[in-house]
Protein chains: 2
Amino acid sequence: MSTHTPDRPRRRGRPPKDSARPYAETRNALIQAGLAVLTEKGYSSVGIDEILRSVGVPKGSFYHYFKSKEVFGQELISAYGLYFARKLDRFLLDDSLSPLTRIRHFVQDASQGMARHDFRRGCLIGNLGQEMSLLPESFRAQLKEVFEDWQARTASCLRDAQACGEVAATLDPDQLAEWFWTGWEGAVLRAKLEASSEPLERFTEGFFQLLQAHAGR
Amino acid sequence: MSTHTPDRPRRRGRPPKDSARPYAETRNALIQAGLAVLTEKGYSSVGIDEILRSVGVPKGSFYHYFKSKEVFGQELISAYGLYFARKLDRFLLDDSLSPLTRIRHFVQDASQGMARHDFRRGCLIGNLGQEMSLLPESFRAQLKEVFEDWQARTASCLRDAQACGEVAATLDPDQLAEWFWTGWEGAVLRAKLEASSEPLERFTEGFFQLLQAHAGR
DNA sequence: GGAACAATTAGACCGGGTGTCTAGTTTTTG
DNA sequence: CAAAAACTAGACACCCGGTCTAATTGTTCC
């Protein structure tokens, strides 16, 4: 599924009206390729031409699509944030399942995603958070917001779980959600290290045990 | 506390018997400086001369002290592992306190450590785990071992906690310890991102609540 | 047909860095 | 005083970084 397109050898100058994929499409391909690379290697140790080359876009064109590497990064963050927000919704709003089962399914899906790339790719947001000290300061707030967004969606599902008695009403869903995401990022890190999904599984198992323990009181 | 030593301007050739700090001392200074830099920026985006310069050792000397950057990294990992193992022992074996209190103190200390460097430095092992896909494969096993070592020490303290009734005997200390360290790494990441110790505190608070919930059953 | 404008990219800018190693200088040893 | 040991200058041989201007090609509209 490499996005590499050895295509037609690109000519200079304005492309004929039809032959070229439209601006938006190329831009999109760049973002896609950027995500693939940055989820694996982070931001600072990746050069733009690695991404450019993987899409078959000449280096000179980069600034036609993005003002700088920094704003490219910003766009990757929000694309990734959105991508996951949608994924979360797809799972967590599926009311054919009990709320906790929805979370379980989400986790399963994410874990399969990592396995599919041999545990080389992790979470973009986690990666960048980790290397924050090497990053443009503008990334910080954005990354924080993404976490908050994911957490809000998760908390809402946990509230549903409380409503139907799957989780004790005494627990704070927001705290639980923050907890979940903090732990999850740690688990992703260990999964990359061990090249195995076990850390992910063990972490989530523990998380559900926690919910259960309280429910049982 | 920067290790920079503008010292005497180093002369070429073999130094007189006394005047120079001995081999081991310089080596040590390099390791110390390496830790400071790598805990902040990781391995792959740091060049050796940044470290060399901060200690005032000329670039040409590096290979006198270490065979390569890779083995330098290996040595940093084990130095850091040991450093933390000792710190853990200092706290977790202090039997003037209850086992859980010991853990609390350790966490407090680690959290102050991060604050002291304005949340720019994190955990070396976590940093490297995160960038595993950019690292020499030889690091993987070593990093894993460090985690296991830390976990074992933590588990042992949790067993003490069970012995004196602070933690329910039904829980598995090893699982709890792995859990703790997974979550902790996640919390460190968030602390760097938010430049605040709150993620650390919120995570540990949750961890202790978990232990308590089970104890209360 | 041809000017004006829009879209795209070649190619170089310039400065930086990478890890490594050899050849050399200086001291100590015997 | 020769041989061995301890240390380092300086260069090697790259490959790279992000950025931007000037050139090229297509379209539009008269």
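Below, all heavy atoms of this structure are taken into account, side chains as well, without hydrogens, waters or symmetry copies. All chains are named by letter (A, B, ...) in the order of the sequence lines, taking the proteins before the strands, and each is independently numbered beginning at 1.
- The CZ atom of B:R53 sits 13 Å away from the C1' atom of C:dT18 (whole-angstrom rounding).
- Under the ring-ring contact (aromatic ring centres under 6.0 Å, His included) criterion, B:Y80 pairs with B:F84, not counting sequence neighbours.
- Across the protein-nucleic acid pair, A:I51 atom CD1 and D:dT19 atom P stand 13 Å apart, rounded to whole Å.
- Among residues two or more places apart in sequence or in another chain, the side-chain contact (heavy atoms from CB on, under 4.5 Å) test is passed with A:E201 by A:S197, A:E198.
- In this structure B:E50 satisfies the side-chain hydrogen bond (donor to acceptor under 3.5 Å, both in side chains) test together with B:K41, sequence neighbours excluded.
- Salt bridge A:D95/A:R102: absent, no basic N to carboxylate O contact under 4.0 Å.
- The distance from atom CZ of A:F72 to atom P of D:dT19 is 12 Å, rounded to the nearest whole Å.
- The distance from atom NE2 of B:H64 to atom P of C:dT26 is 17 Å, rounded to the nearest whole Å.
- C:dT18 atom C1' lies 15 Å from atom CD of B:E70, rounded to whole Å.
- In terms of the side-chain contact (heavy atoms from CB on, under 4.5 Å) criterion, residue partners of A:Q142 (sequence neighbours excluded) are, by chain and number, A:Q74, A:I77, A:S78.
- Checked against a 6.0 Å centroid threshold, the rings of B:W181 and B:F147 do not count as neighbours.
- By the side-chain hydrogen bond (donor to acceptor under 3.5 Å, both in side chains) test, B:E70 is found to be paired with B:S138, residues two or more places apart in sequence or in another chain being considered.
- For the ring-ring contact (aromatic ring centres under 6.0 Å, His included) test, residues two or more places apart in sequence or in another chain that qualify with A:F207 are A:F180.
- For B:D118, the side-chain hydrogen bond (donor to acceptor under 3.5 Å, both in side chains) partners at least two apart in sequence or on another chain are B:R120.
- Checking C:dA7, C:dG19, D:dT8 against the side-chain heavy atoms of B:Y63 singles out C:dG19 as nearest.
- Partners of A:L93 according to the side-chain contact (heavy atoms from CB on, under 4.5 Å) rule, which considers only residues two or more places apart in sequence or in another chain, are A:D89.
- Rounded to whole angstrom, the span from the NZ atom of B:K69 across to the P atom of C:dG19 amounts to 4 Å.
- Fit an axis to the five pairs at each end of the helix from C:dG1-D:dC30 to C:dG30-D:dC1 and the two axes sit 20° apart, to the nearest 10 degrees.
- For B:F62 and B:K59, each mapped to the nucleotide of DNA chain D holding its nearest heavy atom, the one lying further toward the 5' end belongs to B:F62.
- Summarising the geometry, the separation between CG on A:L135 and P on D:dG17 is reported as 16 Å, rounded to the nearest angstrom.
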Expected rows: protein N/O vs nucleotides 14-16 of chain C N/O, under 3.5 Å:
none

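- Residues of residues 37-49 of chain A having a heavy atom closer than 4.0 Å to DNA chain D, listed by number: A:V46, A:G47, A:I48, A:D49.
- Within the structure, ring pair (Phe, Tyr, Trp, His ring centres under 6.0 Å) pairs that include any residue of residues 115-143 of chain A comprise A:Y43-A:F139 (at least two apart or interchain).
- When distances run from any side-chain atom of A:S61 to the nucleotides C:dT20, C:dT9, D:dT8, the shortest one goes to C:dT9.
- Rounded to an integer number of Å, the gap from CG of B:L52 to C1' of D:dG10 is 14 Å.
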